[in-house]
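All residue numbers in this chain count up from 1 along the given sequence.
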Amino acid sequence: MVAALMSVLMPVFANGAGFALATSQESNSVLMESPLLTIFLVVALGGIVGVIPFGPLRFGAAGALFVGLFIGNLAPGLADQMGLIQSLGLALFVYTVGLAAGQTFFADLRRQSRLMAAVIAVLIVGAVVAIIGGKMLGFDPALTVGVFAGSLTATPALAAATAATGSGVPAVGYSLGYPLGVVVGILVVAWVINRTFPGTNDTPSLAGQQLRAVTANVEKTVQVRKVPGWKQQLIRMSYLQRGSTQRVISPGEDLLPGDRVVIVGLPDDVDRAVNAIGSQLREHLADDRSEVQFKSFVVSRSRLAGRSIADLNLSSRFGAMITRVQRGDLELLASEDLHLELGDRLAVAYPRPEEANLEEFFGNSERKISEVDAVGLGLGLAAGLFLGTIELHLPGGTIFSLGAAAGPLIVGMVLGYLQRTGPLVWQLPLAANLTIRQLGLLLFLAAVGIASGPAFADTAFSMLGLKAGLLAAVIAAVVLILTALAGRLLGLSAPRTAGAMAGILGQPAILAFASAKVLDERIESGYAALFALGIIIKIVLVSLVLAF
């Protein structure tokens with residue numbers, strides 16, 4: 001596909017600008033003199049390759065790697081100009097991943113500690129398989145570590161290996177191992193996802209359940225805080241009608257017989273609360289908005305980022321109540337301990353005269369949430385890159401550093417957990433985070449491919465390339481099967497185990513495949529808990545593989 005596209009583009013360049021993309025020094029001079037032009041050409045063509053389906057598989061962003069390998073072979077002199085772009089793209093990618101995963105990672109440390117420990121052991125086994133297989137096949141350690149990183153689709157580990165070896169050989173192994181890692185991952189996850197694991201140590205799935213709001217008729221006096229589910233933050237209440245007066249409920253008051261109240265939560269929790277205080281009514285109080293309005297507000301004021309809903313104290317300030325939070329594609333119940341992020345959409349019930357005050361309080365600006373706090377982003381990246389430069393001298397004369405791969409990742413996770421420090425907001429709006437992350441990944445993969453093109457062309461279609469692909473398939477299969485067994489033994493559900501398998505590979509394509517097969521939020525939860533941990537462990541294991 002890439003070759004066909006290039007065959008079309010080369011005559012256009014030749015006729016329109018007097019040059020062609022060819023292997024001679026004269027004809028590729030424009031590529032040599034314009035590395036940025038070449039990078040974005042690779043990104044564009046890589047985007048086309050990335051969406052081409054190969055059965056259930058799409059390469060996605062990795063398409064830039066394969067196009068880069070092709071163009072890098074056409075213009076081998078570009079390899080020396082890719083270093084800065086490669087480091088920039090990687091730093092942007094891993095830092096934004098860390099920001100997004102920080103909250104989930106630290107929150108799950110205790111609850112999923114056994115699974116995390118099992119995953120560390122599994123990845124060590126995978127590294128041992130790579131070392132033994134590389135020795136048996138007569139591979140250079142630099143090629144072996146590239147195959148190891150590719151089989152587990154670990155882009156940051158590839159960066160660590162490239163920095164440690166100072167050559168493009170790891171990228172060759174990576175490009176040979178990556179497709180096999182993704183294909184094997186999809187096959188093993190397809191085998192696990194529909195199985196009926198008991199899930200004795202797992203939470204039940206919320207799939208198919210959505211938050212709903214009902215109006216209840218109160219038949220006995222009860223404190224709001226004693227309604228089943230309120231203290232556990234399983235339900236929220238908003239509208240209260242008492243006689244002919246309608247207003248927003250106050251958490252500290254009592255409900256009286258004859259009151260009508262709106263209860264929000266998951267269906268079972270709502271039913272439990274309604275049955276405890278009275279009975280459900282057909283009419284819905286929220287349909288009458290003459291006194292109490294119900295509307296969504298966008299959190300765009302940076303001073304609110306990282307604050308919990310309880311900290312906002314909307315009941316005292318505005319007589320208002322938040323019931324739901326829309327974050328990306330997720331609809332969350334507005335529990336008191338939920339921390340807000342820029343870009344969250346809050347469903348708020350409030351007295352109509354307070355609308356302007358709430359608009360000012362939340363910001364409610366779509367434009368603001370598309371902007372990036374340059375101070376927070378710059379300081380966070382600088383701290384991560386500085387951490388990556390610190391060198392540790394290990395026994396035997398080995399020097400270890402986190403580099404541009406792990407340094408920004410670790411700092412990003414810590415700052416993502418903190419969310420803000422005083423006036424500094426570390427967290428990025430979700431849309432901005434995803435955009436920067438994708439751009440960083442594309443720049444990194446394109447630069448790696450261009451730098452490694454010549455070596456890849458000499459290796460891919462040889463017996464060495466066949467052996468490398470075989471080793472990658474074995475590594476991926478061993479790691480994934482052991483992860484599946486660990487999930488089964490730890491009493492996890494099949495969906496959470498499948499998410500963990502996608503997370504240990506750090507592969508969004510496998511996550512998307514599993515999510516398309518089964519609607520279950522535990523898939524994404526398992527992925528998020530292990531994604532960042534897997535990246536760190538694989539980076540550390542690069543030194544182990546190279547040592548042998």
Side-chain angles (χ1 to χ4, degrees), residues 36 39 83-107 156 159 297-309 311-312 325-328 338-346 358-390 401-444 447 528 531-532 535-536:
L36 288 179
I39 281 286
L84 180 60
I85 296 175
Q86 182 175 320
S87 297
L88 173 62
L90 178 66
L92 291 174
F93 172 68
V94 295
Y95 180 71
T96 49
V97 166
L99 285 179
Q103 283 282 333
T104 302
F105 177 78
F106 287 107
F297 296 89
V298 177
V299 178
S300 62
R301 286 197 178 277
S302 60
R303 62 185 174 85
L304 299 182
R307 308 293 188 192
S308 69
I309 288 179
D311 290 339
L312 302 183
V325 177
Q326 189 77 31
R327 180 172 296 165
L338 180 66
H339 290 261
L340 299 179
E341 297 181 5
L342 292 175
D344 283 349
R345 297 178 183 275
L346 311 181
L358 286 166
E359 289 264 4
E360 181 181 359
F361 181 76
F362 291 118
N364 203 34
S365 170
E366 294 286 353
R367 183 182 63 83
K368 290 288 291 183
I369 63 172
S370 66
E371 297 175 351
V372 174
D373 184 349
V375 177
L377 178 63
L379 287 177
L381 277 168
L385 291 169
F386 175 74
L387 179 63
T389 63
I390 298 175
S401 66
L402 294 172
L409 175 66
I410 292 174
V411 170
M413 290 172 62
V414 173
L415 297 182
Y417 174 73
L418 296 175
Q419 292 194 314
R420 68 181 302 141
T421 304
L424 287 175
V425 177
W426 306 114
Q427 193 61 263
L428 294 171
L430 180 61
N433 183 300
L434 294 175
T435 300
I436 295 172
R437 186 190 312 182
Q438 182 75 353
L439 176 62
L441 181 60
L442 288 170
L443 291 176
F444 172 73
F531 177 72
I535 290 176
I536 294 172

Practice item. Ignoring hydrogens and angles, tell me if any N or O in the side chain of S87 forms a donor-acceptor pair with the backbone of L84 under 3.5 Å. Key: no
When the side chains of residues 373-384 are checked against the rest of the protein, which donor-acceptor pairs come out under 3.5 Å, sequence neighbours left out?
unit_1, atom_1, unit_2, atom_2, d
D373, OD1, V375, N, 3.1
D373, OD1, G376, N, 3.4

Practice item. Looking only at non-hydrogen atoms, find the nearest pair between G407 and L387 and report the distance. Key: O-CD2, 4.0 Å
Point to revise | Minimum side-chain heavy-atom gap R437-L428 below 4.5 Å | key: no
Point to revise | Any donor-acceptor pair under 3.5 Å from T421 side chain to L424 backbone | key: no
Review point. Looking only at heavy atoms, which two atoms of L312 and R307 are closest? And how far apart?
Key: CD2-CB, 4.3 Å
Atom pairs and distances, side-chain donor-acceptor, residues 408-418, under 3.5 Å, sequence neighbours left out:
none

Review point. Quick one: side chain to side chain contact (heavy atoms under 4.5 Å, CB included) partners of R345, sequence neighbours excluded?
Key: V298, Q326, E366
Review point. Are L340 and L346 side-chain neighbours, meaning at least one heavy-atom pair lies under 4.5 Å?
Key: yes
**Study point:** Atom pair CG/CG of L358 and N364 - distance to nearest 0.5 Å
**Key:** 9.5 Å
Review point. In Å, rounded to the nearest 0.5 Å, how long is the span from CG of L434 to OG1 of T96?
Key: 8.5 Å
Point to revise | Residue pair L442 / I39, side-chain heavy-atom distance below 4.5 Å | key: no
Point to revise | Rounded distance (nearest 0.5 Å) linking atom CG of L99 with atom CH2 of W426 | key: 10.0 Å
Check your understanding: Got a second to check how far L338's CG is from I309's CD1, nearest 0.5 Å?
Key -> 4.5 Å
Check your understanding: Between F297 and E359, is any pair of side-chain heavy atoms under 4.5 Å apart?
Key -> yes
Study note, to complete from the structure: All heavy atoms of L92 vs all of G440, minimum pair found to be CB-CA, 4.1 Å
Review point. What closest approach, in Å, do S300 and S365 show between heavy atoms, and which atom pair accounts for it?
Key: OG-N, 3.1 Å
Check your understanding: Can you name the nearest heavy-atom pair linking H339 to Q419, along with the distance?
Key -> CB-OE1, 3.5 Å
Check your understanding: So which heavy atom on L342 is nearest to which on Q427, and how close?
Key -> CD1-O, 4.4 Å
